[in-house]
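Being a predicted model, the structure only gives us computed values, none of them experimental. Whatever order the structure lists ligands and atoms in, that order sets their numbers, starting from 1. In what follows, every heavy atom counts, from backbone to side chain, and hydrogens, waters and symmetry copies are set aside.
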Amino acid sequence: LKKPVRISITGAAGQIGYNIIFRIANGDLLGKDQPIILQLLEASNKKSQKAIKGVIMEIEDCIFPLLVDVSVHENPITAFKDANIAILIGSFPRKSNMERSELLAINSSIFIEQGKALNSVASRDVKVLVVGNPVNTNTYITMKSAPDLSYKNFTAMLRLDHNRAIAKLASKLNEPVSSIKKVFVWGNHSLSMYPDYRYATVNGVLIRDMINNNSFWNKNVFLPAISRRGEEIISIRGASSAASAASAAIDHIKDWIFGTENWVTMGIPSDGSYNVPKDIIFGFPVKIKNSKYKIIQNLEIDKFSRKKINLSIEELKNEILSISHLIR
Ligand code: NAI
């Protein structure tokens with residue numbers, strides 16, 4: 001039998017946690033022959049610790065054959081011990097009267113602590129996926145707080161935006177989602193994101209050549225639809241996307257581990273490609289082989305794209321500036 005893989009999940013009793021845990025325990029992430037151990041971290045307050053116990057009761061009742069062990073934690077040092085995969089979902093939610101800088105400051109304390117814990121106890125090749133918002137900067141903080149781990153271990157989730165872009169194109173063209181290739185999303189997981197289908201194809205044909213008034217549709221329909229999809233779901237469902245976010249997290253980690261020839265979007269520390277300042281966590285198009293991602297190079301950056309990409313860069317530089325005194 002294979003050695004169990006240790007998966008740490010934070011915010012495990014939250015909406016996304018409740019959607020991702022059962023899929024992972026069922027083998028949707030690592031396959032039906034890979035035993036797993038779940039190490040679940042929740043906030044230390046009574047309500048969260050009580051809620052996670054209820055989740056554990058349900059996990060037990062699912063009698064998942066692949067699940068070797070599951071434990072609950074309120075301290076990241078025990079939650080991340082020997083973790084092979086860490087999914088950082090738990091974060092402090094934005095309150096209506098809160099400035100973005102306040103939100104960043106509160107979250108930075110969570111992600112500094114978790115970065116330090118990963119640094120001291122996680123497996124040296126731990127794959128970290130941060131989901132909690134503001135996700136790019138939370139990932140940056142986590143990475144900077146873990147100086148003994150490679151920057152390549154840290155990624156941010158832009159996969160939901162990527163999947164939303166594919167869904168939108170598939171429905172526009174009335175084609176199956178699996179036939180859409182080479183779509184991706186640049187930048188920050190915020191309104192400044194830039195979903196880019198200039199290179200995208202369906203059955204080998206360039207999608208931009210198939211859309212009437214392509215440039216108008218791109219700017220006025222496609223881009224706002226993708227960047228505002230999250231808000232739209234909140235207003236219709238009455239709660240933020242959870243099942244689709246969990247599904248995107250599984251897609252992200254699965255591709256990272258098993259590789260993909262398709263272009264996919266990962267939030268990763270910039271290596272300076274496309275003039276994105278080094279180390280900023282940015283959505284890039286990547287391919288993955290042997291569990292190593294590679295940024296797709298030599299894509300043309302036209303004037304419109306440059307402007308969009310620069311908007312995300314500026315936003316992220318400001319986010320980092322507002323918390324940089326906390327992580328030195
Ligand atoms: P939720 O509020 O239902 O759950 C969050 C959970 O995290 C709660 O159970 C809370 O107790 C826990 N938590 C808070 N602080 C913690 C800490 N220090 N350690 C461990 N656990 C902690 O929220 P939901 O809907 O599950 O979303 C989670 C995060 O994911 C939010 O920040 C949300 O904005 C973000 N998100 C990101 C997406 C992306 O595309 N990157 C998509 C959808 C959501």
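The protein non-hydrogen atom at the shortest distance from atom 4 (O) of ligand 1 is Gly14 CA, 3.2 Å. The nearest heavy-atom contact from the protein to atom 44 (C) of ligand 1 is Ile16 CD1, 3.5 Å. With hydrogens left out, the protein atom closest to atom 12 (C) of ligand 1 is Glu42 OE1, 3.3 Å, a heavy atom. The single protein non-hydrogen atom nearest to atom 23 (O) of ligand 1 is Gln15 N, 4.5 Å, given as residue, atom name and distance. Counting protein heavy atoms only, atom 37 (C) of ligand 1 is closest to Val131 O, 3.0 Å. Nearest protein heavy-atom contact of atom 22 (C) of ligand 1 is Ala43 N, 3.7 Å. Remark: minimum distance from atom 39 (C) of ligand 1 to any protein heavy atom is reached at His189 NE2, 3.4 Å. Scanning the protein for heavy atoms near atom 18 (N) of ligand 1, the closest one is Ile110 CG2, 3.5 Å.
With hydrogens and angles disregarded, no donor-acceptor distance shorter than 3.5 Å links the side chain of Glu42 to the backbone of His73. Checked by atom type and distance alone, the side chain of Asn290 never pairs as donor or acceptor with a backbone atom of Lys292 at under 3.5 Å. Asn136 places a side-chain N or O within donor-acceptor distance of the main-chain N or O of His189, the cut-off being under 3.5 Å.
Atoms of ligand 1 found under 4.0 Å from any heavy atom of Gly11 (numbered from 1 in listed order, with element): 6 (C), 7 (O), 12 (C), 20 (C), 21 (N). Atom numbering of ligand 1 starts at 1 in the shown order; those under 4.0 Å from a heavy atom of Ser48 are 11 (O). Interface atoms of ligand 1 facing Leu160, defined by a heavy-atom separation under 4.0 Å, are 40 (O), 42 (C). Here is the list of ligand 1 atoms found below 4.0 Å of a heavy atom in Ala245: 42 (C), 43 (C). With ligand atoms numbered from 1 in the order given, ligand 1 contributes 7 (O), 13 (N), 22 (C) to contacts under 4.0 Å with heavy atoms of Gly90.
Salt-bridge formation is detected for the pair Asp302/Arg198: a Lys NZ or Arg NE/NH1/NH2 atom is positioned less than 4.0 Å from an Asp or Glu carboxylate oxygen. In summary, Lys116 and Glu113 do not engage in a salt bridge, as defined by a charged side-chain N under 4.0 Å from a carboxylate O. Asp33 has a carboxylate O that lies under 4.0 Å from a charged side-chain N of Lys2, or vice versa, which qualifies the two as a salt bridge. Salt bridge status for Lys254 with Asp28: absent, with no side-chain N to carboxylate O gap under 4.0 Å.
The shortest separation from a heavy atom of Glu113 to ligand 1 is not under 4.0 Å, leaving the residue out of contact. Within the structure, the closest approach of Ser240 to ligand 1 falls below 4.0 Å when heavy atoms are considered.
For the pair Lys294 and Phe284, the cation-pi test (distance below 6.0 Å, angle within 45°) is failed. Tyr293 carries Lys152 over the face of its six-membered ring, with the cationic atom under 6.0 Å from the centre and within 45° of the normal.
Where the criterion is an N or O separation shorter than 3.5 Å, residue side chain and backbone included, Ser241 fails it with respect to ligand 1. Among the atoms of Ser91, some N or O lies under 3.5 angstrom from an N or O of ligand 1.
Under 4.0 Å from ligand 1, heavy atoms of Asn133 appear from its side chain as well as its backbone. Within the 4.0 Å heavy-atom criterion, both parts of Met157, backbone and side chain, lie near ligand 1.
Each of Val128, Leu88, Asn119, Val126 was evaluated against Phe80; a single residue qualifies, Leu88, per the side chain to side chain contact (heavy atoms under 4.5 Å, CB included) test. Among Glu315, Lys308, Glu314, the one residue that satisfies the side chain to side chain donor-acceptor pair (under 3.5 Å) test with Ser192 is Glu315.
For atom 41 (N) of ligand 1, the nearest protein heavy atom is under 4.0 Å away.
For residues 222-248, the set of pairs meeting the side chain to side chain donor-acceptor pair (under 3.5 Å) definition, not counting sequence neighbours, comprises Gln15-Arg237, Gln15-Ser240, Arg23-Ser247, Arg164-Ser241, Arg228-Glu231.
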